Number of protein chains: 2
Amino acid sequence: MRDEDERPRRLTRAETKARTRALLLEAAAQVFARKGFAGASVDDIAESAGFSTGALYSNFASKDELFVELLSKRSGSRLAEAAEIVSDRSGSVEDEQALLSRLLVDVAGEDMDLAPLQAEFWLYAIRRPEFQERMAAQFRANRDALSTVLADRAKERGQSGDVPFDGVATVVMALFQGLVQLRRMDPELVPENLYGDAVHWLFSGLSAAHRAKD
Amino acid sequence: MRDEDERPRRLTRAETKARTRALLLEAAAQVFARKGFAGASVDDIAESAGFSTGALYSNFASKDELFVELLSKRSGSRLAEAAEIVSDRSGSVEDEQALLSRLLVDVAGEDMDLAPLQAEFWLYAIRRPEFQERMAAQFRANRDALSTVLADRAKERGQSGDVPFDGVATVVMALFQGLVQLRRMDPELVPENLYGDAVHWLFSGLSAAHRAKD
DNA sequence: GTCTATAAGACGATAGAC
DNA sequence: GTCTATCGTCTTATAGAC
């Protein structure tokens, strides 16, 4: 039971285990994204992380638990950035469009695993009623954050009213997801600035519809 | 070798085979939608169609071929309806919104297999470069059809110009996909008329942006 | 806490009877 | 043209060495 190393350990036992867990989760994200939930084997994941299946099962009860853990951690990583962009009133409208478009291009092009992983999460959730509500709650939280930002911005600009911010936030997020998927299929289908343009059209159409009611 | 039925056969041999193929494809669509491509077994599919695996393999070379066949047949089944709605100038703008929203509600709610199947197609395609282009071409064909309809409508209304109809069509389709997925996750996230509203906002914002440039 | 080895079963696909 | 039976492989998860 004694440790062979007498000098102070750099990593405690709990820390090395946490590190193993983190490495396994990272590898799992990649393998699940590349082969899908059913298509990925636990051997793939463990080996890709540099461990054995035994090590994996000492950290996670099952393949499902590993996947669900991922779903919990990797929820609104990128959406926070979008909310930040929209809430930042220092830039011009053109800057905002450019930044939103850039975000979409990044998600579709650079973080190659995110979009397929999100699709796997969605499929997993709609097939298991017990997780459907959990994922819906996650989305609602994200939407509420964006919705609040939109409402604040509208108030600052003196646009009073009955604008359905929740609906607009939902549309902005759904469009993002849809365009990311299309751009992953063929980048030429979704030009660099299409998302920014679309959000711009949406907002100006929205404020027009709102003004008309005054 | 003789048929036990002496009266003229209702189905020729080729017809029964075609019928078997059709039944297998139908069952495959359901099982793939419910369990995913990797998660579905050929036994599941054959049994669900009322045949054995041997019968399946006498009609399809492999599980992959069966899936790809599905992908080819079930492409733009619903998009044609959307194009029809947009191209139909007999109704009011309100009718158009209502019809588009209804279409989304139908796809998300009634044809329960379509959305997950589409997601499986997308995942399958982005993981296999050789099919990615085929699916992209399918999307482009659908987009072009919608784009043409939009351009015609704009011309009729005397809106000249530099409107990027391809981009608008892409946005309308991406938004549809995104909202369908959200509504499948939780119907309350996507109210009945959100899609129609969003398309309306989009178009009025678009024509505003266009007028501004004149 | 992580490894090797293995259990128990499901998988895709094939061969041969009918 | 479809069925039954089976091959070889890969799967998730566990047990015991270290």
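No hydrogens, no waters, no symmetry mates; every other heavy atom, side chains included, goes into these values. Here the structure is a predicted model, which is why all the values come from computation and not from measurement. Letters go in sequence order (proteins before strands), and every chain restarts at 1.
- Applying the side chain to side chain donor-acceptor pair (under 3.5 Å) test to Ser147(B) and every residue at least two apart in sequence or in another chain returns Asp166(B).
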Side-chain donor-acceptor pairs of residues 104-116 of chain B under 3.5 Å, sequence neighbours excluded:
none

Which atom pairs, one a donor and one an acceptor, fall under 3.5 Å between side chains of residues 176-183 of chain A and the rest of the protein, sequence neighbours left out?
{"residue": "Arg183(A)", "atom": "NH1", "partner": "Pro187(A)", "partner atom": "O", "Å": "3.4"}
{"residue": "Arg183(A)", "atom": "NH1", "partner": "Val190(A)", "partner atom": "O", "Å": "2.6"}

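- Annotation: ring pair (Phe, Tyr, Trp, His ring centres under 6.0 Å) contacts involving residues 94-123 of chain A, sequence neighbours excluded, comprise Phe67(A)-Phe121(A).
- Taking atom CD of Glu47(B) as the reference point, atom P of dT2(D) lies 17 Å away to the nearest angstrom.
- Nearest to the side-chain atoms of Phe51(A) among the listed nucleotides dG1(C), dC3(C), dC3(D) stands dC3(C).
- Surrounding CD of Glu130(B) are more than 12 heavy atoms belonging to other residues, nucleotides or ligands, all under 6.0 Å away.
- Applying the side-chain contact (heavy atoms from CB on, under 4.5 Å) test to Ser62(A) and every residue at least two apart in sequence or in another chain returns Asp64(A), Glu65(A).
- Other residues, nucleotides and ligands contribute more than 12 heavy atoms inside 6.0 Å of the CZ atom of Arg127(B).
- Residues that satisfy the side chain to side chain donor-acceptor pair (under 3.5 Å) test with Gln132(B), not counting sequence neighbours, are absent from this structure.
- The nearest whole Å value for the distance from the NZ atom in Lys17(A) to the P atom in dT2(C) is 7 Å.
- Per the geometry, CD1 belonging to Ile45(B) stands 11 Å off P belonging to dA13(C), to the nearest Å.
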Going 5' to 3' through nucleotides 12-18 of chain D, assign each nucleotide B (protein heavy atom under 4.0 Å from a base atom), S (under 4.0 Å only from sugar-phosphate atoms) or - (no protein heavy atom that close).
-> SBB----
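- Rounded to whole Å, the distance from CD on Glu65(B) to P on dT14(C) is 12 Å.
- A heavy-atom distance below 4.0 Å to DNA chain D is reached by these residues of residues 18-35 of chain B, ordered by number: Thr20(B).
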Listed pairs under 3.5 Å, donor-acceptor, residues 26-43 of chain B side chains, sequence neighbours left out:
{"residue": "Gln30(B)", "atom": "OE1", "partner": "Arg34(B)", "partner atom": "NH2", "Å": "2.6"}
{"residue": "Lys35(B)", "atom": "NZ", "partner": "Asp44(B)", "partner atom": "OD2", "Å": "3.2"}
{"residue": "Ser41(B)", "atom": "OG", "partner": "Asp44(B)", "partner atom": "N", "Å": "3.0"}
{"residue": "Ser41(B)", "atom": "OG", "partner": "Asp44(B)", "partner atom": "OD2", "Å": "3.3"}

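- Residues passing the salt bridge (Lys or Arg N to Asp or Glu O under 4.0 Å) test with Asp197(B), sequence neighbours excluded: none.
- Between the two ends of the helix from dG1(C)-dC18(D) to dC18(C)-dG1(D), each summarised by a five-pair axis, the helix axis turns through 0° (rounded to 10 degrees).
- Legend: ring pair (Phe, Tyr, Trp, His ring centres under 6.0 Å) pairs involving residues 95-116 of chain B, not counting sequence neighbours: none detected.
- Remark: P of dC3(C) and CG of Leu56(A) are 10 Å apart, rounded to the nearest angstrom.
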